[in-house]
S.K.: 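One structure coming up, written as structure tokens, with questions to follow.
Every chain is numbered from 1, with letters handed out A, B, ... down the list of sequences.
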Amino acid sequence: MKCIHCHADAKYSERTNRTCPKCQHAFAFEPKNGDRLTDSAFQAALDRVSSDGTVKWTARHLYYELVRRTQRHSKTRPWLFGALAVVAALVGVFTSPQLLVIAGLLCVPLVLSLPSKMAKLSFADFKRLLDRWQQAHGQPKGLIVRKETPRTEQTTRALPSDIQHYSFDRAVVTDHRETVDLLLANNFHFENNCAILTEDGYPESAFEVVRGMLKNNPKLAVYVLHDATPQGCTLAQRLATDGWFQASASIVDVGLGPEHAGPFRGCWQAAKPATQTGLVAAGKPTAAKWLARYSLELAVVRPEQIIKRLFRALSNAAPRPIDDGGVIFVDSASFASDASTSDGGGDSFG
Amino acid sequence: MVVATVLAERRRSFAYERALPGPSFAEQAPRRRAGLGGAVGADSAVFLAALERSLGARSSFVPRDSLAVDADVCSIDGHPLTSVEDWWNVVRSGTLGRVSGSFALAWLEADGALAIARDPIGHRSLYYAHAGEAFVFASTVSALLECGVVARRIHLRSVAAYLAYAYVPGRATLAEGVYELLPGEVIHFRRQALERRMFWDLPSEPAQFADEPSLKLRLRTALESAVEQALPRGRVVAASLSGGIDSSLIVALAQQLSDHSVASYSITFGADYADEIAWSSLVAEHCGTSHTILEITPTAVLAHLDDTVSALDKPNGDPLTVPNALLFRAMAERSNVALNGEGGDPCFGGPKNLPMLLSALYGHGDEEGGYEAQGAIERSYLRAHLKCFDELPELLERDTYEAACAPSLESDLLPWFSDSRWHGLVSKLMAINTRFKGGHHILPKVAALSAPFGVYARSPLFSRALVELAFVIPPELKLRGTNEKYLLKRAVADLLPEAILQRPKSGMLVPVEAWFQGPLLPQARTRILGGLLPMRLFRRAYLEKLLSGQLRGLRPRRGVKIWLLLTLEAHLRALGLTAH
């Protein structure tokens, strides 16, 4: 197993006390003792989720990165070998004993593949892996840690006295605090004149002021980022009708929907309970049907791809205003296609 | 194809010229505007002789002359200052603080003290060095270095500041021991000691603001007055025209007030790149100016990079510097006065306010403590320049970084953001930008780049009267919602097409990304690796990564950073500065 610090390859017998015999740095994981990953594999996941250390990310993003990686091990196709073995055995019984031997050989990969088919990594297991990594190697670069401060402290923060007169060119509204954290930590707000907030009032310190400021711009462009859940997929509709903005603002739904879910099959979760009326009313019965069974978190998409999807939406032609009959413009291009066309971000999410 | 057709249409409508590489700017010497210099104390005769060689015999020198001035369109209480005697009257009556216009001034006091002064906003520049018993000043940094008053050593903190701002704000220059006089400052060298004093400073915010209609009227009157004063009499006036609100209103007013025609100029980087020609053409047509579109090619840019850098006294990492210089060269064929719209952004609520407001609301990145953390808003200000502030530790060698950034760059900004003269963030930003971007960046740039061609670059929006008026306009009439320069637009709404008043925000886009992926990359490699690396100030790994396209990140801004380093190399070479 390779040490991530000195790159020395240490045999199991040399890794006493889980330390590298060459540089004495600790190993976080020991596959021989049942860990699902090596330190190098975890480091590779960190490099990928952070786009080689250039993008900040949350624990949820790393979790899904590791889910993808651990599931790759179970991608052999035992059913194929099994089917061939059955066919060879049946034919062999009546024709040639040699085919029985072949059937036997075909069973080998079938048997070998079974132990590697691991259960999906749970978030609780992931947290334990991350804790062990941090104990061995410290906090990984780019990990966004939310600073929970008491509300009283936050509300006493002194903002510029004239700030309520101003507004923003655009706003991102999301259903996830982690998405707000992601965009703020990567300075999306600063570089794009963009307010960022959740529907339910996060970040608390700025929420009320920002919400008031949104109404100062009649041409506000709103981008909605959300999970593939009933609540998320109807967020744009709620924002359009709940008086968040002036009627002339435009709303673009750039969130995750059932139509994007295909490449992320291994990360699907059980449905989140909610009514489907909004989607059915919007003429999306197929989406409603998928959402009745499954859900998918936006964090399944790598941070760089989420931000680049927003860049792309920002640079597209102006969307239709709310009162122009269109209500909401939905950007339905898949996240996977975003990934393949964005510069430097090729990624299949396989 | 569509682009080519549109461009062909424009060529038919307006004069279309391609800026070709030509003789070096130094060969324009007969047209060069004169400067001033002087020396007192030990070896002053030697220094004066060297200054004369450098600045030319047409320049003025103190104490050879008891008063020397480099002035343009100056007046006091409405009376023009046209003679040395006029300036003596100002000096003797102690009324320098009431003078409007562009000037750099030096004189000998009755007690033998040498005094130097610079106009309040910073249209003209003066540099000085104080070494031992000698005090030497000049219009250019190169003249000071050539006279040998200080050794040619790099001021490391200025390198770091340049990499963060793309210019060097404040008193420091890239040369250790050479300083820039601040706008509105007078320095006396008396008995081997410097006495510094501000004869004018940025105004405070008033306790109460006037109402919008009266401010709009005052602004319109002041705009007309500023443009009228900037116009030459009985001659064609040149004007740059980007199609943005600032240059458009200057052109519109000039066309209305001038007794001669207005020759407006726009630039394009060719049919392959986005430009603002559609907007500038609209204004030129609307105003009826004699309009020329100047195409800037990468070949011409490279051919005149060293020329342009040599004309500047402090490094300027704006990719528009060479196009600016080529524009002045073209304008000089029609007029020796060139108007521009500089000043509208800092004074009337232009871009950069919104990112800073967002930073105030949310903090920056995942920095601890948000807006109130020590230095947070100052760091945001540095980052708002979108250059290399966060990359300094990666870009500079460790010892260079430690020497250059202790105390931190943001510490220079602390007094500005805590100054009680201005209350809101937009007002504080206006003050900082007027001084930093106006007095240390934009105005010295246009003055230096126009000088080789004998052109007087005038920036009416940076006139003293308009700057003072800007400080009594409430910030919400500058930035209203997201409508930038709200009152300025309202004040000139009758002069310009509605499309210009409503147009989306855009800066002049120089295609540096494309240039450094193609025609200019080999030269950039040679100059940066061959010129900067041997100084042992920069990390090879970073430079290699930058030049080979390996710089990662959501927006690596590779072209901008290469340009920044390319001009720094040229500047250090032009001044002959070394690290050790």
S.K.: Measure across B/G424 and A/D162 and return the closest heavy-atom pair with its distance rounded to 0.1 Å.
M.R.: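 B/G424 and A/D162 have their closest heavy atoms at CA-OD1, 3.4 Å.
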S.K.: Is it true that a side-chain atom of B/Y362 and a backbone atom of A/I196 form a donor plus acceptor pair closer than 3.5 Å?
M.R.: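 Yes; judged by distance alone, with no hydrogens or angles, the pair exists.
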S.K.: Relative to chain B, which segment of A/E191 carries a heavy atom at a distance below 4.5 Å: side chain, backbone, both, or neither?
M.R.: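 Both the backbone and the side chain of A/E191 come within 4.5 Å of chain B.
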S.K.: If we only count heavy atoms from C-beta on, is the B/L361 to A/F168 side-chain gap below 4.5 Å?
M.R.: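 In contact.
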S.K.: Sort out for me which residue in A/L220, A/N216, A/N193, A/N217 forms a side-chain contact (heavy atoms from CB on, under 4.5 Å) with B/T482.
M.R.: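 Among A/L220, A/N216, A/N193, A/N217, the one that satisfies the side-chain contact (heavy atoms from CB on, under 4.5 Å) with B/T482 is A/N217.
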S.K.: Does atom CD (B/Q208) have a neighbourhood of more than 12 heavy atoms from anything else shown, all under 6.0 Å?
M.R.: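 Incorrect, the count does not exceed 12.
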S.K.: If you look at every heavy atom in B/L358 and A/H189, which pair is closest and at what distance?
M.R.: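 Reported closest heavy-atom pair: CD1-O, 3.4 Å.
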S.K.: Using side-chain heavy atoms (C-beta onward) and a distance below 4.5 Å, is B/L554 in contact with A/F311?
M.R.: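 Heavy-atom side-chain distance check passes, below 4.5 Å.
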S.K.: For A/N192, is it the side chain, the backbone, both or neither that has a heavy atom under 4.5 Å from a heavy atom of chain B?
M.R.: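 When you check distances to chain B, only side chain atoms of A/N192 fall under 4.5 Å.
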S.K.: To the nearest 0.5 Å, what is the distance between CZ on A/F188 and CZ on B/R555?
M.R.: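 Answer rounded to 0.5 Å: 7.5 Å.
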S.K.: Specify the closest pair of heavy atoms between B/S380 and A/F190, including all atoms of both residues, with the distance to one decimal.
M.R.: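 Smallest heavy-atom distance, with atoms named: O-CZ, 3.2 Å.
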S.K.: Which distance, rounded to the nearest 0.5 Å, do you find between the CD of A/E304 and the CZ of B/R552?
M.R.: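 Those atoms lie 5.5 Å apart.
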S.K.: Working to the nearest 0.5 angstrom, can you tell me the gap between A/C194 SG and B/L354 CG?
M.R.: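 It comes to 11.5 Å.
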S.K.: Above 12 or not: heavy atoms from other molecules or residues under 6.0 Å from NZ of B/K489?
M.R.: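 Atom NZ in B/K489 is crowded, with more than 12 foreign heavy atoms closer than 6.0 Å.
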S.K.: Just give me the residue among A/L183, A/D169, A/V55, A/I163 that pairs up with chain B most often, heavy atom to heavy atom, under 4.5 Å.
M.R.: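 Option with the greatest count: A/D169.
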S.K.: Against chain B, label A/K215 side chain, backbone, both or neither, depending on which of its atoms sit under 4.5 Å from a heavy atom there.
M.R.: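 A/K215 has no heavy atom closer than 4.5 Å to chain B.
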S.K.: Check whether any side-chain heavy atom of B/V426 lies under 4.5 Å from a side-chain heavy atom of A/H165, and answer yes or no.
M.R.: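 A side-chain contact under 4.5 Å is absent here.
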